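Notes for the one structure printed next.
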Amino acid sequence: MSADNEAEAQEKLVDLAAEFYDQFQRGEIPEMSVPTRTKSNIVFDEEEDVWVYGERESTRSANSVRGARKLLKAVYTIDFLAEQLDQDRSSTLRELYYLSESWDVEEAQFNSQDESNQLIEDLEIVSEVTREDFHMRPEESGAKVMGPLLLREQTNRGDREIHCQDDVGQGGYQIPNNPDTIEFLDNDADFVLCVETGGMRDRLVENGFDDEYDAIVVHLGGQPARATRRLTKRLHDELGLPVTVFTDGDPWSYRIYGSVAYGSIKSAHLSEYLATPEATFIGIQPEDIVEYDLPTDPLSDSDVNALESELEDPRFQTDYWEEQIELQLDIDKKSEQQSLASHGLDFVTETYLPERLDEMGVV
């Protein structure tokens with residue numbers, strides 16, 4: 001993050017606090033309005049193919065004791081964040097929750113980490129500054145990258161160049177909290193393959209898939225963290241690389257794909273920053289379960305409900321997804337990525353992925 005961006009983030013935080021002061025000066029009850037963050041206020045922007053907040057807003061007002069406490073906590077948090085930026089320090093979301101216990105006014109302290117997390121999200125929305133630019137970090141996501149990519153990373157110990165094959169071990173390059181501190185220097189990649197599970201990611205690396213197919217393999221680590229989705233979007237937008245998503249064959253994994261491609265309800269205010277609408281789903285498809293006679297588990301009631309919900313989800317209202325989901329409901333089965341090993345450890349890299357990539361026109 002550049003010094004100019006840090007100054008801008010700090011200025012926007014101070015402007016928020018100044019607005020409360022100005023409201024006092026005008027004889028008004030201080031308040032802060034943010035979009036209502038409920039499912040009913042999330043709309044799918046069909047033009048951009050991402051989730052965004054609707055027009056409904058909630059007001060944090062000091063006209064009640066509860067509202068006044070929320071604004072007090074916001075002011076203390078703004079002061080902390082501005083000072084953190086001034087000192088060029090960073091902290092985690094968890095640390096913010098505990099750190100509030102040292103604040104001199106007990107009413108400003110957080111009752112839970114969910115409360116402090118939500119306030120950080122509120123401040124992101126009203127200031128239009130991401131938490132990464134506030135120097136706020138989540139706990140480590142552990143997501144890694146392996147592939148023919150040379151990058152320059154900004155660190156507290158200076159810049160360093162890293163090749164995500166030659167300069168890393170089998171574990172790969174760990175994605176930093178703020179991928180915007182990365183500069184792409186060179187690459188020989190043909191596409192990006194986002195992988196849900198660590199076991200499958202390890203299989204691909206051990207089999208040399210990234211090297212043989214010039215693929216950048218991104219481990220999603222389950223529901224992907226913001227940093228993972230941001231890096232994926234940058235790889236697509238800045239390097240022009242097709243993005244494919246490889247998950248288990250169940251409704252919850254399809255939602256992992258959806259969060260990469262279209263954004264998530266929780267981070268709807270950042271969809272243009274995080275989502276990659278051009279990302280395509282490579283599998284496991286319900287039709288793969290049938291075609292390759294994969295080992296399966298029966299669908300649970302919650303699986304069935306989730307699949308039926310996805311049929312009504314704008315993200316999945318395409319001929320492809322309707323056909324796949326209806327097939328899955330019909331066969332009443334789900335399957336994991338690693339079930340492909342029932343055909344041998346090399347099947348996924350020698351047969352399954354090459355065939356799917358060819359069908360999709362990626363390679």
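All values below come from the heavy atoms of this structure, side chains included, with hydrogens, waters and symmetry mates left out. These figures come from a predicted structure and were not determined experimentally.
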Side-chain heavy-atom pair [X], [Y] within 4.5 angstrom cut-off:
X	Y	answer
Leu81	Gln84	yes
Glu308	Val304	yes
Leu241	Ile216	yes
Ile282	Leu353	yes
Tyr292	His343	yes
Pro148	Asn187	no
Ile331	Val290	yes

(request) Go through the steps for Phe184 and Leu149 under the test side chain to side chain contact (heavy atoms under 4.5 Å, CB included), then give the verdict. (result) CA-CA 8 Å; Phe184 301 136; Leu149 173 68; 4.0 Å; yes
(request) I would like to know whether Leu274 and Tyr262 meet side chain to side chain contact (heavy atoms under 4.5 Å, CB included); could you show each step before the answer? (result) CA-CA 9 Å; Leu274 299 177; Tyr262 309 116; over 6 Å; no
Does a donor on one side chain and an acceptor on the other come within less than 3.5 Å for [X] and [Y]?
X	Y	value
Gln109	Tyr97	no
Ser302	Asn305	no
Asp288	Tyr352	yes
Ser253	Glu196	yes
Gln324	Glu287	yes

(request) Locate the shortest heavy-atom distance separating Arg152 from Asp159; write the atom from each residue and the value. (result) CD-OD2, 3.8 Å
(message) On a heavy-atom basis, which atom in Val217 and which in Arg201 lie closest, and how many Å separate them?
(response) CG1-CG, 4.2 Å
For [Y], is there any backbone N or O sitting under 3.5 Å from a side-chain donor or acceptor partner on [X]?
X	Y	answer
Thr351	Val348	no
Thr77	Lys73	yes
Thr244	Val192	yes
Asp248	Gln337	yes
His236	Ala279	no
Thr228	Pro224	no

If you measure from the Lys or Arg side-chain nitrogens to the Asp or Glu carboxylate oxygens, is any gap between [X] and [Y] under 4.0 Å?
X	Y	result
Lys333	Asp297	no
Glu153	Arg160	yes
Glu115	Lys70	no

(message) Check the orientation of Phe281 and Trp321. Use parallel for under 30°, tilted for 30 to 60°, and perpendicular for over 60°.
(response) tilted
(request) Just say parallel, tilted or perpendicular for the rings of Trp103 and Phe80, cut-offs at 30° and 60°. (result) tilted
(request) Check each of Leu307, Asp330, Asp313 against Ile325 using the side-chain contact (heavy atoms from CB on, under 4.5 Å) test, and report the only one that passes. (result) Leu307
(message) Let me check something: do Leu239 and Leu185 share a hydrophobic cluster, defined by ILVMFWY side-chain heavy atoms less than 4.5 Å apart, either directly or through other members?
(response) no
